[in-house]
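Here is the structure we will look at.
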Amino acid sequence: MLPGLVLLVLGAAVCAGGESRAPVPLVVAGLGAGAVPLDGGWEFRTGDSMAWAAPGFDDSGWERLSAGRPWGKQGHARYSGFAWYRKHLNLQAAGRPADFEVLFPEVDQAYEIYWNGALVGRCGSLPPHPVWYYRQEPHKFPLNAGAGVLAVRVWNAPPLSDEDPGLKGGLVTTPLVGVPAAIASVKSALDFDWLREHQFVFMENLIFALVALCSFLAWLRNREQWILLWMTGFTLAPVLTLLLLDARIPIPYTFSMSLSQPLISVRDVSVWCLLLWLLDLRRDAGLMRLTRALAAISFSVNAADAVLVAVVWHPRLLKPAQTGDALITAVNTVLEMYPLALVGLAGIRRKRLDTANVAMAVSAFVLEMAHVIRDAAGQGRRFTHWNLSDRLDSPIMVLTGSGISLVDALEVSLFLCAVWAVYRSFFEERRRQLELDQEMKSARELQRVLVPDAVVALKGFRVTSAYQPAEAVGGDFFQVLPVGDAMLVVVGDVSGKGLRAAMAVSFLVGTLHALATPELGPAELMRELNRRMLGRLQGGFATCLAMQVDADGRCRTALAGHPGPFIDGP
């Protein structure tokens, strides 16, 4: 590689130090198995003309830019649209003639590559039907050996209100040229470095995906555990966002960004619902209505944002789209403060929370504050040039080659606290459910003893009965008892359900059996039952109907707050 590097340095020195503006071809000779960076000056011009791809075009009047920095940092801040780069080369192989390849690690945003006027490849598509990508992998293109001009036609999309501060565009990283084996080796190294830098993010989202899957499957088994559904939304949204935006999957920018906007709402609303459940605020009907209204607003504004992302590249719609995006960002910033309000409300009401729920609340508070500050600082930064949002996203530590920002650390903290809190809540709810099931089982067994399956045969009467409680275990009961030659029918209802109601019924039925004698008529029976039951129902109450049917068919009834009977006939 030494002869090629010497010639490269000499060529760069001539280009930088000469008085003449005439481009000097960069001679790349004796490459062998190496690759040479195409740094130094590139002829540059904004605008668009297909004549600029021709090797014979006179570009001596063009300005000269470095290939390793975007044009936004070289005097063309906030420029979006078409621009061209041209580089005069003389590719000479070591030994026998060979073909070459050129590697472009990063270009903002869609571009086409021309070698001696012929199109050799592209990344995305240029207007009038532009296609570009949120994250693009390095692309390589074939070049023939010999002298010629390498031309790059670039189109940079207009930024949204909170994205580019105006310093991007064009060749971000220096291209490299070399034989195919050398370029393949460089590309593999770049891909490896990218994977190493993102391994923490991939590991984090893999865990998110596993938790989302387990939460969803658990929710399918028990649809009443809504907290598991909210946990699914909270952990699944960032995984889908990663696949759409940061996994280098060639999904068009307008499509991936449009789909990612509703995922912001899914994650935010899931956090709100988790906090409502874990902070024990879900029983507040007004707060639940407010949460549903804010969720509807969040989904609506992010759906509108998805539309703006799809049309912002159009020159006629640029200003309205940027204005709308700024308004949407302002609304989303306010909505991101809602978890802060929930945490504050729980504190004001002095909810008794365990450690897991407190940790979840504190993590959500700190993370949402970081989001609010980042969004507010990033809004319109192409005009304010505030870099606070970039600092929040800058690495504060490096773990096995992966940079971890403050926001990343807070996201992980919230995730761990949420998993801990949901785990505690789920199993606590499961424990209570098992206790309730056992209580209901005991109540059902007691009820089967208290409510007769078949009525005892009484001389002179033919009686049938049916009993179907509205709940699994109700507080209503009936008894058919002989009192001398007469029949006593008692129907009643104890307030409440479950084991407590069944125990009250057992006490009432036992008392009834003790009092049911021919000497007491229905009214006297009700008065005596009332006297003995008074103060024994622990704040509850009972209603009752007693009917005594004599052998000659005469009926006497007494009501104690119970609905009247229906008598079939006169």
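We count residues from 1, following the sequence as given.
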**Message:** Taking the basic N atoms (NZ, or NE/NH1/NH2) and the acidic carboxylate oxygens, is any pair closer than 4.0 Å for Glu43 and Arg86?
**Reply:** no
**Rounded distance [0.5 Å steps], CG in Leu342 versus OG1 in Thr291** = 6.0 Å
**Complete:** So OG1 of Thr329 and CG of Asp305: to nearest 0.5 Å the spacing works out to 6.0 Å
**Gln109 CD to Trp155 CH2 distance, which is reported to the nearest 0.5 Å** = 6.5 Å
**Request:** Decide side chain to side chain contact (heavy atoms under 4.5 Å, CB included) for Ile251 and Leu259; before the verdict, give the C-alpha distance in whole Å, the side-chain angles of both, and the deciding distance to 0.1 Å.
**Result:** CA-CA 11 Å; Ile251 303 174; Leu259 286 183; over 6 Å; no
**Request:** Go through the side-chain N and O atoms of Ser298 and Asp268 and say whether any donor and acceptor fall under 3.5 Å apart.
**Result:** no
**Message:** Apply side chain to side chain contact (heavy atoms under 4.5 Å, CB included) to residues Phe216 and Leu236 and explain how you reach the verdict.
**Reply:** CA-CA 10 Å; Phe216 184 69; Leu236 185 60; over 6 Å; no
**Item:** Taking every non-hydrogen atom, the tightest pair across Phe100 and Leu91
**Value:** CE1-CB, 3.7 Å
**Rounded distance (nearest 0.5 Å) linking atom OG of Ser80 with atom NZ of Lys168** = 13.5 Å
**Request:** Decide yes or no for Leu308 and Pro320: does some side-chain heavy atom of the first lie under 4.5 Å from some side-chain heavy atom of the second?
**Result:** no
**Asked** Would you call Phe200 and Val412 a side-chain contact if the rule is heavy atoms closer than 4.5 Å?
**Response** yes
**Message:** Please identify which of these residues, Gln74, His76, Arg45, meets the side chain to side chain donor-acceptor pair (under 3.5 Å) condition with Glu63.
**Reply:** His76
**Message:** Applying side chain to side chain contact (heavy atoms under 4.5 Å, CB included) to Leu195 and Phe202, what does each step give before you reach the verdict?
**Reply:** CA-CA 9 Å; Leu195 286 172; Phe202 293 147; 3.9 Å; yes
**Prompt:** Any sub-3.5 Å donor-acceptor pair from Ser260's side-chain atoms to Met257's backbone N or O?
**Reply:** yes
**Message:** Taking CH2 in Trp226 as the centre, count heavy atoms belonging to other residues, nucleotides or ligands within less than 6.0 Å. Is the count above 12?
**Reply:** no
**Prompt:** Is the shortest heavy-atom distance from the side chain of Trp42 to the side chain of Val152 under 4.5 Å?
**Reply:** yes
**Asked** Between atom CD1 of Ile183 and atom NZ of Lys187, what is the distance when rounded to the nearest 0.5 Å?
**Response** 11.0 Å
**Request:** Test Leu38 against Leu150 for side chain to side chain contact (heavy atoms under 4.5 Å, CB included), laying out the working first.
**Result:** CA-CA 10 Å; Leu38 298 179; Leu150 180 64; 3.9 Å; yes
**Request:** Determine yes or no for a side-chain-to-main-chain donor-acceptor pair under 3.5 angstrom, with Asn205 supplying the side chain and Val201 the backbone.
**Result:** yes
**Message:** Would the distance check show the side chain of Ser363 and the main-chain N or O of Ala359 forming a donor-acceptor pair, the cut-off being under 3.5 Å?
**Reply:** yes
**Item:** Between Trp62 and Trp52, ring centroids under 6.0 Å
**Value:** yes
**Prompt:** Between Gly121 and Leu119, which heavy-atom pair has the shortest distance, and what is it?
**Reply:** O-CD1, 3.5 Å
**Item:** Close side-chain approach of Leu275 to Tyr338, heavy-atom, < 4.5 Å
**Value:** no
**Prompt:** Any cation-pi pair here, Arg221 with Trp219, using under 6.0 Å and within 45°?
**Reply:** no
**Prompt:** Looking only at heavy atoms, which two atoms of Tyr111 and Gln136 are closest? And how far apart?
**Reply:** CE2-OE1, 3.6 Å
**Item:** Nearest heavy atoms of Ala35 and Pro37, plus distance in Å
**Value:** O-CD, 4.0 Å
**Message:** Any heavy-atom pair between the side chains of Leu345 and Leu287 that's under 4.5 Å?
**Reply:** yes
**Prompt:** Do the non-hydrogen side-chain atoms of Leu190 and Leu103 ever get within less than 4.5 Å of each other?
**Reply:** yes
**Asked** Any side-chain heavy-atom pair from Val154 and Asp108 closer than 4.5 angstrom?
**Response** no
**Asked** Can you check whether Glu137's main-chain N or O pairs, donor with acceptor, with His139's side chain at less than 3.5 Å?
**Response** yes
**Message:** Here's a test for you: under side-chain contact (heavy atoms from CB on, under 4.5 Å), which of Leu245, Thr241, Ile249 qualifies with Ser256?
**Reply:** Leu245
**Item:** Close aromatic pair by centroid cut-off 6.0 Å: Tyr85 and Phe44
**Value:** yes
**Request:** Would you give the length of the straight line joining atom OG of Ser215 to atom CD1 of Ile227, rounded to the nearest 0.5 angstrom?
**Result:** 9.5 Å
**Request:** Of all the heavy-atom pairs spanning Pro142 and Glu101, show the shortest one and how long it is.
**Result:** CA-CG, 4.2 Å
**Asked** Once the angle between the rings of Phe234 and Phe208 is folded into 0 to 90°, is it parallel (under 30°), tilted (30 to 60°) or perpendicular (over 60°)?
**Response** tilted
**Request:** Determine yes or no for a side-chain-to-main-chain donor-acceptor pair under 3.5 angstrom, with Ser258 supplying the side chain and Thr254 the backbone.
**Result:** yes
**Item:** Distance-minimising heavy-atom pair for Thr174 and Gly68
**Value:** OG1-CA, 3.4 Å
**Request:** Taking the side chain as every heavy atom from C-beta outward, state whether Trp272 and Leu335 have any atom pair closer than 4.5 Å.
**Result:** yes
